[in-house]
Amino acid sequence: MLDAFRTAREALVDAVRVAPGWLTLYSALQLVLAMLPGAQVVLIRDLVEGGDSWPPLAGLTVVVGAMYPLTQVSNGIGQRLMLRLRLQLRVELAYAAARLSPGRLAEPEVVADLEASQAATHPMSDLAGKPVQVLSAAVTSVVLCVTIASINLLSGILVLTALVPTVLAFTLISRMEARGWPKVGAYERAAAYATEQLIQQRPGTELAVLGSAWKVAALIADSRSRATRVLDRMIRTALNFELAAALVTVMLFGAALVALVTGGANGGAAAAAVAGTITGLNAIRQCGYAFGSIVTATPQAMIYRRFISSVPAGASQTVVPLVESVALENVTFQYPGAAGPTLRDVSIVARRGEMVALVGVNGAGKSTAINLLVGTLKPDGGRVLINSHMCRDAATMTETERLGHFGLLVQEFGRFEFTLRDTVSLGTPATAPDDAVRRALAGTFAADLPLDTRLGQQWGGTGISGGQWQRLALARIRLRAAGVWILDEPTSAIDAEAEREIFAELRQTSADRITIVVSHRAWTLREMDRIYVIDAGAVVQQGTYAELMSQPTGRFAQLFAAQEAEG
Ligand SMILES: Nc1ncnc2c1ncn2[C@@H]1O[C@H](COP(=O)(O)OP(=O)(O)OP(=O)(O)O)[C@@H](O)[C@H]1O
């Protein structure tokens with residue numbers, strides 16, 4: 001209940017911040033509307049009780065005539081207020097998501113909260129006018145209660161008491177929904193993920209070729225059915241609570257009318273009170289509905305607020321162009337829930353001007369080592385050093401500062417289907433001038449394409465091959481010009497000729513930077529200053545290509561002898 005009040009207050013604060021004018025206008029209209037039922041009762045009583053009937057008749061005409069257009073105008077203004085608030089919430093959420101660190105993005109509950117927050121923007125924006133509606137309905141009830149109490153005290157009290165069952169019912173409904181929504185959210189997320197696999201071009205095409213898309217559809221059906229079952233249960237329980245509350249409310253109104261008649265009210269007063277209680281019922285229903293919207297949206301709004309406050313605005317990233325050295329020193333790391341450590345006592349160092357390679361079979365621990373270096377994973381033991389400073393200590397370097405040292409090309413590089421300019425300029429947090437974007441694209445397939453070229457067929461843009469996407473990812477690293485380049489299989493999708501060009505360029509431009517490469521191709525390793533051979537989470541060998549090849553029983557020779565023989 002307290003949470004619902006907090007949510008209502010926050011919705012009002014947001015509305016004041018985003019659209020104060022629209023909120024004021026909406027509140028004023030709601031207040032006028034709230035007064036009309038009370039005025040109606042007084043005017044009916046005056047009309048029926050006799051005397052000069054023209055003034056009450058004229059008053060009634062105005063009151064009844066104004067009610068409908070005022071309600072319509074008020075609804076329209078409420079919707080325009082809602083639109084502005086929704087825009088604000090969605091933009092705020094997008095910027096908050098953009099501030100998520102890689103470490104937090106790897107936490108499943110953070111992604112779940114982000115998606116739940118996205119869904120929450122809809123009911124939350126609808127909340128803007130709800131506290132006003134509740135207040136306005138409460139004002140209507142109080143005005144009616146006072147008016148009816150002036151005819152019969154007990155009736156007035158009973159009319160006011162009729163608010164209680166509705167408030168109680170919606171409190172219980174909110175508790176139930178707070179438990180149900182996270183389950184629905186999890187099922188919806190699973191269904192949305194599976195749907196993306198069906199409709200995105202690459203996985204969708206693969207599934208169509210395999211003829212097994214229907215299996216993914218069955219997974220979607222299962223998740224959606226589970227969500228629907230939980231929602232169905234929630235709606236059924238809510239309906240039961242609402243019906244019980246409506247029954248008690250009607251009984252209270254009935255009792256109010258009986259009290260009125262048995263209390264000896266005259267015909268005119270009784271008729272006015274009957275008309276008032278009918279309008280009162282409507283007001284209470286509206287109050288219940290508005291209050292219900294607040295309590296229903298409260299669990300979602302709480303997730304949204306929690307998410308936004310969990311990613312406070314911080315300093316933006318600055319790219320560090322010159323780095324002296326990076327190192328893992330006796331690092332041990334175990335993934336949560338894994339049977340044993342993935343890395344054991346690993347020491348790796350790379351200095352400015354050097355090109356260093358990490359090699360090993362799939363699952364040996366190369367990407368894990370890179371993630372520890374960059375800081376997206378934290379070591380369980382040992383030290384991670386940048387320029388000989390220890391990185392584990394947040395006081396020495398924030399995560400944002402640390403990330404600024406690296407240009408990281410991961411295996412699952414992004415295929416950002418924006419314009420060519422936007423796709424490449426994502427390489428740097430700063431605004432990238434067009435000539436810098438052009439320089440980053442030099443020598444690639446896109447060197448002469450207009451920067452406004454739209455990439456990605458799903459937007460009616462240019463289709464791009466896997467290797468071409470990888471070249472754009474490399475262009476982002478070029479544009480970024482950070483002191484440490486970490487390239488995890490940078491040419492896995494690129495043809496042999498382009499691969500040779502890329503490695504030749506890497507060598508030519510490596511003097512002022514640290515270059516760390518993960519590669520499975522022997523020839524790319526020949527010019528490395530040092531190669532670390534990782535096997536089952538430990539560095540088992542290190543040296544130059546020639547040194548390692550000269551040890552025929554060593555792990556490196558086992559891994560690369562066949563490729564060496566092929567030339
Ligand atoms: N998030 C994770 N949770 C648990 N285990 C993980 C996680 N990520 C990787 N692993 C495990 O850690 C081990 C090392 O994985 P890693 O990705 O570092 O290997 P790799 O040497 O980069 O392999 P590849 O050449 O296939 O990229 C693997 O056994 C993998 O299953």
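Ligands are counted one by one from 1 in listed order, and the atoms in each one are counted from 1 as well. FYI, side chains are in, hydrogens and waters are out, and symmetry mates aren't considered; it's all heavy atoms of this structure. Keep in mind it's a predicted model, so treat the numbers as computed, not measured.
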How far is atom 11 (C) of ligand 1 from its nearest protein heavy atom, and which residue and atom is that?
Y335 CE1, 3.9 Å
May I ask you to test the V349-V326 pair for a side-chain heavy-atom distance under 4.5 Å?
no
To which of G363, G340, G537 does the heavy atom nearest atom 19 (O) of ligand 1 belong?
G363
Of R476, R480, R421, which is the lone residue that meets side-chain contact (heavy atoms from CB on, under 4.5 Å) with L426?
R476
Passes side chain to side chain donor-acceptor pair (under 3.5 Å), D452 versus T419? Steps please.
CA-CA 5 Å; D452 288 324; T419 63; 5.3 Å; no
Any idea which atoms of ligand 1 are less than 4.0 Å away from a heavy-atom of V361?
21 (O)
For T342, take its heavy atoms, then give the atoms of ligand 1 lying under 4.0 Å from any of them.
12 (O), 13 (C), 14 (C)
N/O of G360 under 3.5 Å from N/O of ligand 1, yes or no?
no
Who's closest to atom 27 (O) of ligand 1 heavy-atom-wise, of Q411, K366, E489?
Q411
Compute whether any side-chain donor of one residue and acceptor of the other, for T368 and Y335, lie under 3.5 angstrom apart.
yes
Nearest neighbour in protein (non-hydrogen) for atom 17 (O) of ligand 1:
S367 CB, 3.6 Å
Kindly indicate whether a cation-pi arrangement holds for R500 with W523, taking the cut-offs as under 6.0 Å to the six-membered ring centre and within 45° of the axis.
yes
Where is the tightest heavy-atom contact between S510 and M355, given as atom of each residue plus distance?
CB-CG, 4.0 Å
Does even one non-hydrogen atom of A338 get within less than 4.0 Å of ligand 1?
no
Could you tell me, atom by atom, which parts of ligand 1 come under 4.0 Å of a heavy atom of N362?
23 (O), 24 (P), 25 (O), 26 (O)
Looking at G365, which atoms of ligand 1 are within less than 4.0 Å of one of its heavy atoms?
14 (C), 18 (O), 19 (O), 20 (P), 21 (O)
Within ligand 1, which atoms have a heavy atom of H520 less than 4.0 Å away?
25 (O)
For E354, is there an ion pair with R530 - N to carboxylate O distance below 4.0 angstrom?
yes
For T368, the ligand 1 atoms whose distance to one of its heavy atoms is below 4.0 Å:
14 (C), 15 (O), 16 (P), 18 (O)
Worked check of side chain to side chain donor-acceptor pair (under 3.5 Å) between R90 and T121
CA-CA 6 Å; R90 289 188 169 166; T121 56; 3.1 Å; yes
Is the shortest distance from atom 23 (O) of ligand 1 to a protein heavy atom below 4.0 Å?
yes
Look at atom 30 (C) of ligand 1 and say whether a protein heavy atom is found at less than 4.0 angstrom from it.
no
Does a donor on one side chain sit under 3.5 Å from an acceptor on the other, for T544 and R526?
no
